[in-house]
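Data block below; observations after.
What you see is a predicted model, and the numbers here were worked out from it, not measured in a lab. Atom set for the values below is all heavy atoms of this structure, side chains included, hydrogens, waters and symmetry mates excluded.
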Amino acid sequence: MTYAVGAALQQAVYKALADNSAVTALVGGSVYDALPRGSLPDSYVTLGPEDVRAGTDRTGAGAWHRLTVSVVSGKAGFHHAKKIAAAVSDALIGADMTLERGRLTGLHFYRARARREGTGDVRRIDLTFRARVDDTP
């Protein structure tokens, strides 16, 4: 197992979302790796938690990453949040991502969880994707 490709995968996922016209049409430039200080926009996308498991085999070192991308929206109902979530999925699934280190051999949708937060005015959808990476230093 190796975690050596973790930062490169995160960078590639962020770039794929931030550069995607469908995502930016819905949230503007509000795609974050870390939330900014101060007030947040009405709707945004942020990278979230990640779980990694060994994926080394005879072909070399690698890992399975389960990474979460969160969609947050203050608009009424889940419709807007689900439109953003669909754009996020479309931007990542099947994307040709070049990593600074290693190689992405596959990125697939794993699951989603939609819920209200706080007083119920905020909608949040956590999308989990499963990525297989091979380390090729």
Verify the distance criterion only: is there a donor paired with an acceptor across the side chains of Thr68 and Asp126 at less than 3.5 Å?
no
Measuring from atom CZ of Arg115 to atom CZ of Arg124, what distance do you get when rounded to the nearest 0.5 angstrom?
5.5 Å
Run the ring-ring contact (aromatic ring centres under 6.0 Å, His included) test against Tyr32 and tell me which residues pass, sequence neighbours left out.
Tyr44
Sorted by chain and number, sequence neighbours left out, salt bridge (charged side-chain N to carboxylate O under 4.0 Å, His left out) with Arg113 holds for none
Quick one: ring-ring contact (aromatic ring centres under 6.0 Å, His included) partners of Tyr14, sequence neighbours excluded?
none
Output all residues satisfying side chain to side chain contact (heavy atoms under 4.5 Å, CB included) with Arg111, sequence neighbours left out; order by chain, then residue number.
Thr128
Residue pair Arg130 / Tyr110: nearest heavy atoms and the distance that separates them:
N-CB, 4.3 Å
For residues Ala131 and Leu67, report the shortest heavy-atom separation together with the two atoms involved.
CB-CD2, 4.2 Å
Flag the pair Leu35 / Thr46 as yes when at least one side-chain heavy-atom distance between them is below 4.5 Å, and no otherwise.
yes
Leu9 side, atom CG; Glu50 side, atom CD - distance, nearest 0.5 Å
6.5 Å
Residues at least two apart in sequence or cross-chain that pass side chain to side chain donor-acceptor pair (under 3.5 Å) with Arg103, listed by chain then number, are Asp134
Within one Ile-Leu-Val-Met-Phe-Trp-Tyr cluster: Val52 and Met97, side-chain cutoff 4.5 Å:
no
In chain order, what residues pass the side chain to side chain contact (heavy atoms under 4.5 Å, CB included) check against Gln11, with sequence neighbours excluded?
Glu100
At what distance, to the nearest 0.5 angstrom, does CG of Leu47 lie from CD of Gln10?
5.5 Å
Got His108 and Ile93 here, is their nearest side-chain heavy-atom distance under 4.5 Å?
no
Of the non-hydrogen atoms in Val5 and Gly102, which two are nearest, and what is the gap between them?
CG2-CA, 4.2 Å
Mind checking what makes side chain to side chain contact (heavy atoms under 4.5 Å, CB included) contact with Ala4, not counting sequence neighbours?
Thr2, Arg101, Asp135
Ignoring hydrogens and geometry, is there a side-chain-to-backbone donor-acceptor pair from Thr105 to Arg132 under 3.5 Å?
yes
When rounded to the nearest 0.5 angstrom, what is the spacing between OG in Ser43 and NZ in Lys83?
10.5 Å
Classify the angle between the aromatic ring planes of Phe109 and Phe129 as parallel (below 30°), tilted (30 to 60°) or perpendicular (above 60°).
perpendicular
Can you find a heavy atom in the side chain of Arg116 that is under 4.5 Å from one in the side chain of Arg123?
yes
Hydrophobic clusters here meaning ILVMFWY residues chained together by side-chain heavy-atom distances under 4.5 Å, can you tell me if Val72 and Leu92 are in one?
no
From Ser30 OG over to Ile84 CD1, what is the distance, rounded to the nearest 0.5 angstrom?
9.5 Å
For Ala85, all residues meeting side chain to side chain contact (heavy atoms under 4.5 Å, CB included), sequence neighbours excluded
Val71, Ile125, Leu127
Salt-bridge contact Asp51-Arg53 (side-chain N to carboxylate O under 4.0 Å):
no
For Asp121, the side chain to side chain donor-acceptor pair (under 3.5 Å) test, sequence neighbours excluded, returns Thr119
Which atom pairs, one a donor and one an acceptor, fall under 3.5 Å between side chains of residues 16-27 and the rest of the protein, sequence neighbours left out?
| from | atom 1 | to | atom 2 | distance (Å) |
| --- | --- | --- | --- | --- |
| Asp19 | OD2 | Lys15 | NZ | 2.5 |
| Asn20 | OD1 | Ala22 | N | 3.0 |
| Asn20 | OD1 | Val23 | N | 3.0 |
| Thr24 | OG1 | Asn20 | O | 3.1 |
| Thr24 | OG1 | Ser21 | O | 3.2 |

For residues 65-80, which residue pairs qualify under salt bridge (charged side-chain N to carboxylate O under 4.0 Å, His left out), counting only residues two or more places apart or in two chains?
none
Not counting sequence neighbours, list each pair that qualifies as a salt bridge (charged side-chain N to carboxylate O under 4.0 Å, His left out) and has a residue in residues 85-95.
none
